[in-house]
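What you see is a predicted model; the values in this text were computed from it and never measured. Just so you know, ligand 1 is whichever comes first in the structure, and atom 1 is the first atom listed for that ligand.
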Amino acid sequence: MTKKNQGRRSKSLPPGQSTVEQLLKWGRNHPTIGVPVPKIDLDKWNLLIDGQVDQQVTLSWNDLSRLPNIRSTSDFHCVEGWSVLGLKWEGILFETIANLAKPEKTAKYVTFECADGYSTSLPLKELLREGVLLAYKLNGKYLEEGTGAPLRLVVPDKYAYKSAMWITRIKFSSKKEVGYWESRGYSDTADVWTNDRFSE
Ligand SMILES: Nc1nc2c(c(=O)[nH]1)N[C@H]1C(S)=C(S)[C@@H](COP(=O)(O)O)O[C@H]1N2
Ligand SMILES: [Mo]
């Protein structure tokens with residue numbers, strides 16, 4: 001553990017969290033919803049961006065890898081109480097994807113659908129914050145099957161159930177579609193800094 005990471009630990013751990021060294025604690029490498037890890041063939045994989053947009057877009061893996069990319073280091077907090085600090089993500093800013101599809105003015109929410117049947121949603125304006133990205137690399141390597149390959153969302157200030165893995169569709173809409181864990185008792189706002197874990 002480097003000095004830099006230790007510094008991040010003492011300064012920036014949200015309430016009720018403790019640190020673990022890496023993702024996949026407990027050797028868990030399956031979706032949290034109890035289905036097998038989706039096996040995705042990159043040649044057949046597509047990302048659909050649709051809903052209330054001016055321009056519906058379908059991106060292949062090749063299209064995606066040509067988009068401007070960014071790197072972002074952030075901490076990852078699961079609602080069950082474990083956090084991994086200083087993860088180095090690389091991918092595409094959510095804003096870059098939004099600009100391709102041009103959401104209509106009425107589009108206030110975004111739903112992420114995933115190859116394992118999972119879904120989650122967020123207000124569009126929260127996805128335009130710093131550090132929110134669609135990641136395809138973690139700590140310098142392409143994502144593995146168990147961490148959401150080929151593409152996952154990363155939303156640093158929200159509990160990790162907002163960080164959808166194995167994304168296949170990004171849908172813009174005027175109405176909120178409540179996600180998988182959010183409809184099973186977990187907070188829809190999911191703010192790690194206010195211990196915002198459960199819905200009221
Ligand atoms: N598609 C999909 N994304 C998901 C989940 C899931 O079951 N399916 N679980 C969420 C939860 S609760 C957590 S803690 C993280 C786990 O990410 P990791 O496996 O990389 O640690 O993914 C989130 N994204
Ligand atoms: Mo989680």
Side-chain angles (χ1 to χ4, degrees), residues 13-42 45-49 61 64 71-92 94 97 110-122 126-127 131-171 177-199:
L13 201 57
Q17 295 295 111
S18 47
T19 55
V20 295
E21 290 302 313
Q22 55 188 4
L23 294 180
L24 306 175
K25 194 196 173 190
W26 310 302
R28 179 172 53 70
N29 65 347
H30 52 74
T32 60
I33 64 174
V35 298
V37 172
K39 300 234 179 289
I40 294 174
D41 179 347
L42 269 192
W45 179 85
N46 275 322
L47 176 65
L48 172 65
I49 306 148
W61 175 249
L64 198 90
R71 288 183 192 161
S72 169
T73 301
S74 60
D75 301 337
F76 190 87
H77 311 290
C78 171
V79 74
E80 290 175 318
W82 54 267
S83 296
V84 191
L85 302 186
L87 293 178
K88 296 186 175 72
W89 299 103
E90 184 176 327
I92 298 156
F94 184 80
I97 295 283
V110 182
T111 304
F112 295 84
E113 291 183 4
C114 311
D116 60 337
Y118 188 76
S119 67
T120 190
S121 68
L122 282 149
E126 296 188 354
L127 289 162
V132 176
L133 74 162
L134 293 152
Y136 48 71
K137 279 187 182 180
L138 169 60
N139 295 333
K141 288 193 226 142
Y142 283 101
L143 293 179
E144 293 167 11
E145 272 179 1
T147 48
L151 192 72
R152 80 176 298 165
L153 185 64
V154 176
V155 191
D157 293 324
K158 304 276 180 184
Y159 289 113
Y161 54 87
K162 294 289 182 183
S163 291
M165 301 188 272
W166 309 293
I167 296 175
T168 52
R169 182 179 183 193
I170 300 175
K171 186 178 153 198
E177 294 179 2
V178 181
Y180 183 93
W181 284 124
E182 297 89 329
S183 65
R184 288 166 175 77
Y186 288 94
S187 167
D188 187 50
T189 38
D191 174 17
V192 299
W193 299 106
T194 57
N195 215 15
D196 174 19
R197 294 172 197 264
F198 304 107
S199 44

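- The ligand atoms of ligand 1 that sit less than 4.0 angstrom from a heavy atom of Pro31 are 7 (O).
- On a distance-only criterion, Trp166 and ligand 1 share no N/O pair closer than 3.5 Å.
- Only the side chain of Phe76 comes within 4.0 Å of ligand 1, judged by heavy-atom distances.
- Remark: side-chain polar atoms of Arg152 are paired, donor with acceptor, to backbone N or O of Ser163 under 3.5 angstrom.
- Which parts of ligand 1 touch Gly146 is read off a 4.0 Å heavy-atom cut-off, strictly below it: atoms 19 (O).
- Not a single donor-acceptor pair under 3.5 Å links the side chain of Tyr136 to the backbone N or O of Ile92.
- Contacts of Ala115 with ligand 1, taken as heavy-atom pairs under 4.0 Å, are absent altogether.
- Remark: ligand 1 atoms within the under-4.0 Å shell around heavy atoms of Leu23 are 20 (O), 21 (O).
- Note on ligand 1: Tyr186 sits outside its first shell, no heavy atom being nearer than 4.0 Å.
- In this structure a side-chain-to-backbone donor-acceptor pair under 3.5 Å is present from Arg197 to Val79.
- For the pair Arg152 and ligand 1, the shortest N or O to N or O distance falls below 3.5 Å.
- In terms of polar-atom proximity, Asp116 is counted as a contact of ligand 1, with an N or O under 3.5 Å from an N or O of the ligand.
- Under 4.0 angstrom from ligand 1, there are no non-hydrogen atoms of Phe112.
- A side-chain contact (heavy atoms from CB on, under 4.5 Å) with Leu153 holds for exactly one of Ile167, Val110, Leu133; it is Ile167.
- Separation of atoms OG1 (Thr194) and CG (Asp157) is listed at 10.5 Å; rounding is to 0.5 Å.
- Distance alone, capped at 3.5 Å, is enough to place a donor-acceptor pair between the Thr168 side chain and the Glu113 backbone.
- A distance-only check finds a donor-acceptor pair linking the side chain of Lys162 to the backbone of Asp188 [under 3.5 Å].
- Here the options are Phe76, Tyr186, Phe112, the test is ring-ring contact (aromatic ring centres under 6.0 Å, His included), and the partner is Tyr161; only Tyr186 passes.
- Put simply, part of Ala164 is less than 4.0 Å from ligand 1, judged by heavy atoms.
- Polar contact with ligand 1: present for Met165 (N/O pair, distance under 3.5 Å).
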Check the pair Tyr118, Trp181 against side chain to side chain contact (heavy atoms under 4.5 Å, CB included), reporting the backbone distance first and the verdict last. CA-CA 9 Å; Tyr118 188 76; Trp181 284 124; 3.2 Å; yes
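- In this structure, Pro38 falls outside the shell of residues with a heavy atom less than 4.0 angstrom from ligand 1.
- Contacts between Tyr161 and ligand 1 below 4.0 angstrom, taking non-hydrogen atoms only, involve backbone and side chain alike.
- Counting only N and O atoms by type, the side chains of Ser187 and Thr189 include a donor and acceptor under 3.5 Å apart.
- With ligand atoms numbered from 1 in the order given, ligand 1 contributes 7 (O) to contacts under 4.0 Å with heavy atoms of Ile33.
- Here the closest non-hydrogen pair linking Gln17 and Ser83 is NE2-OG, 3.0 Å.
- Residue Arg184 places its CZ atom among more than 12 non-hydrogen atoms of other residues, nucleotides or ligands, all under 6.0 Å distant.
- The shortest N or O to N or O distance between Thr32 and ligand 1 is under 3.5 Å.
- Near Ser163, with a cut-off below 4.0 Å to any heavy atom, the atoms of ligand 1 are 22 (O), 23 (C), 24 (N).
- For Cys114, every heavy-atom contact with ligand 1 shorter than 4.0 Å involves the side chain, none the backbone.
- Each of the following atoms of ligand 1 lies closer than 4.0 Å to a heavy atom of Cys78: 14 (S).
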